[in-house]
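Only this structure's heavy atoms are used, side chains among them; waters, hydrogens and symmetry mates stay out.
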Amino acid sequence: MADTFFSQLDSAALRALLNRTALHDAALLTVGPTLYIEACNDAAARLTGLHPLERIDQLLSGASAGALRDCIAQQAPRTVYEELDGAEYRLELLPHRGGALLAFLHDSRSSYDGSLRVLHAKSAQYLGALFACAEQVQDPALAAELRKQCLRMHRILTHSDFLHDPPLTEQLRLYRTDLAALCRTAAANAALYGPSHGTKNITVHAPDYCDALIEPQLIQKALYNLLSNALHASPADGDIVLTLTDDSSFATITVADRGPGLDAELFEALLTGWERQVSLDDYLSLARCGAPLGLGLPLVQRIAQAHGGSLLLSPREGGGSELHMSIAHLPAALADNNLRAPMILEEGYSLEEIEFSIFD
């Protein structure tokens with residue numbers, strides 16, 4: 001039976017939900033002011049075991065039920081955490097037609113104890129000492145290589161830390177930005193800082209201007225990672241095309257390469273594999289397939305999701321792959337009045353130095 005849940009949502013609740021999460025990840029249901037379920041999508045029915053006309057508060061903890069009542073009474077969103085069947089979920093509560101819209105999200109950040117951030121802080125101290133040592137090295141080539149290897153380590157640690165504890169949409173530092181100009185700058189820098197051998201042919205198709213409410217540094221970081229993957233995958237005679245489109249609900253950035261191509265199953269493995277332990281044989285099997293085994297694509301996905309969007313894959317006509325990063329047009333009320341999210345970039349190193357340090 002078709003899941004018709006989304007057709008029953010009002011536009012304000014749908015926009016608010018997009019601000020907070022990617023829809024495909026959520027188990028969703030709506031309740032009336034008396035907490036009886038009015039509608040639910042298939043994922044919510046499977047997760048909760050509840051159906052319309054049953055009360056949602058029989059499932060929730062006291063704290064979550066109280067937050068839900070506050071959400072309805074004050075017509076203001078709430079975010080709480082709820083345990084179901086031994087798993088931790090982030091529960092977004094949004095006002096909806098006198099009641100509320102509930103979105104259950106399986107949230108790996110809820111079990112993140114911050115240990116990686118401690119490791120990152122300690123490693124950053126050592127990297128700082130290594131950078132200082134590199135400044136004293138007399139051989140320019142050796143000094144440059146030391147600096148690059150330190151930047152690569154810094155990149156891995158900060159990407160991993162961001163993936164384990166990503167910011168919510170409302171934590172971003174959002175500014176009105178010309179996304180078209182950002183795309184053109186990213187393509188120019190990728191050609192400049194990219195590999196010394198291989199294609200430098202990056203074409204940009206974008207409107208003269210595209211207004212978007214984004215955290216510019218994060219979107220630029222996502223662009224650099226998409227373009228880095230394309231540069232790695234494409235042969236010397238291949239062409240890379242970056243295209244920006246805007247349909248008034250979402251702006252979509254597509255990066256097309258001329259690599260061997262990714263199938264859907266491998267793409268899914270790349271996006272989620274960093275969360276799972278895999279055997280050495282499985283890892284080497286992916287490597288032999290030419291898969292980019294770093295954290296770049298999962299990072300792009302998380303950045304897109306924080307902006308209400310997603311990362312999708314399609315084959316490119318004539319060979320290669322196309323990666324599509326969409327970002328939602330977020331409400332103006334979110335602009336630059338929120339807590340600052342944890343930033344990946346450290347002072348003293350340019351974003352280009354860090355992200356393109358992976359190239360020799």
Side-chain angles (χ1 to χ4, degrees), residues 120 123-124 127-128 130-132 134-135 140-163 172-173 175 177-204 206 210 212 214-234 236 239-244 253-257 292 294-304 306-307 311 323 325 327 340-360:
H120 170 255
S123 299
L127 286 173
L130 286 174
F131 273 118
E135 297 290 337
L142 178 58
E145 183 62 22
L146 285 172
R147 179 180 177 83
K148 176 163 288 191
Q149 294 302 329
C150 287
L151 286 171
R152 287 176 175 175
M153 179 64 72
H154 174 78
R155 180 178 181 271
I156 291 172
L157 289 169
T158 50
H159 283 201
S160 184
D161 190 44
F162 183 88
L163 285 169
L172 298 179
R173 176 67 65 88
Y175 297 100
T177 304
D178 181 1
L179 193 55
L182 200 66
C183 287
R184 285 188 282 268
T185 299
N189 285 334
L192 179 64
Y193 288 91
S196 55
H197 302 289
T199 184
K200 295 281 189 176
N201 182 16
I202 303 176
T203 304
V204 179
C210 179
I214 60 174
E215 180 154 329
Q217 187 183 49
L218 286 182
I219 295 298
Q220 190 174 31
K221 178 173 282 289
L223 281 169
Y224 284 162
N225 278 274
L226 288 174
L227 289 166
S228 292
N229 280 338
L231 288 166
H232 270 302
S234 297
D239 64 304
I240 297 170
V241 179
L242 188 158
T243 305
L244 171 64
I253 298 166
T254 297
V255 175
D257 64 51
L295 300 176
L297 290 182
L299 182 79
V300 173
Q301 182 189 47
R302 287 297 175 94
I303 291 173
H307 287 81
L311 179 65
L323 288 167
M325 180 180 71
I327 56 176
R340 189 168 183 83
M343 297 303 293
I344 296 176
L345 186 64
E346 299 290 341
E347 290 188 12
Y349 319 122
S350 74
L351 193 60
E352 291 73 28
E353 282 183 292
I354 295 171
E355 292 307 319
F356 294 115
S357 63
I358 57 175
F359 293 118
D360 292 323

List for me each residue that meets side-chain contact (heavy atoms from CB on, under 4.5 Å) alongside Ala187, sequence neighbours excluded, and say none if there are none. Ile202, Val204
Sequence neighbours excluded, which residues qualify as side-chain contact (heavy atoms from CB on, under 4.5 Å) partners of Leu146? Ala134, Val137, Leu142
Return the set of residues passing side-chain hydrogen bond (donor to acceptor under 3.5 Å, both in side chains) with [X] (not counting sequence neighbours), or none when no residue passes.
{"X": "Tyr193", "answer": "none"}
{"X": "Asn225", "answer": "Arg155, Glu355"}
{"X": "Thr254", "answer": "His324"}

Does a side-chain heavy-atom distance below 4.5 Å link [X] with [Y]?
{"X": "His307", "Y": "Leu172", "result": "yes"}
{"X": "Glu145", "Y": "Gln149", "result": "yes"}
{"X": "Leu226", "Y": "Leu242", "result": "no"}

Does Arg152 have any salt bridge (Lys or Arg N to Asp or Glu O under 4.0 Å) partners at least two apart in sequence or in another chain, and if so, which? Asp360
Give the intermediate values and the outcome of side chain to side chain contact (heavy atoms under 4.5 Å, CB included) for residues Ile219 and Thr177. CA-CA 10 Å; Ile219 295 298; Thr177 304; over 6 Å; no
Should Leu223 and Thr185 be marked as a side chain to side chain contact (heavy atoms under 4.5 Å, CB included) after you check the CA-CA gap, both sets of side-chain angles, and the distance that decides it? CA-CA 10 Å; Leu223 281 169; Thr185 299; over 6 Å; no
Take Asn229 and Asp257 through the side chain to side chain contact (heavy atoms under 4.5 Å, CB included) test and state the conclusion after the steps. CA-CA 9 Å; Asn229 280 338; Asp257 64 51; over 6 Å; no
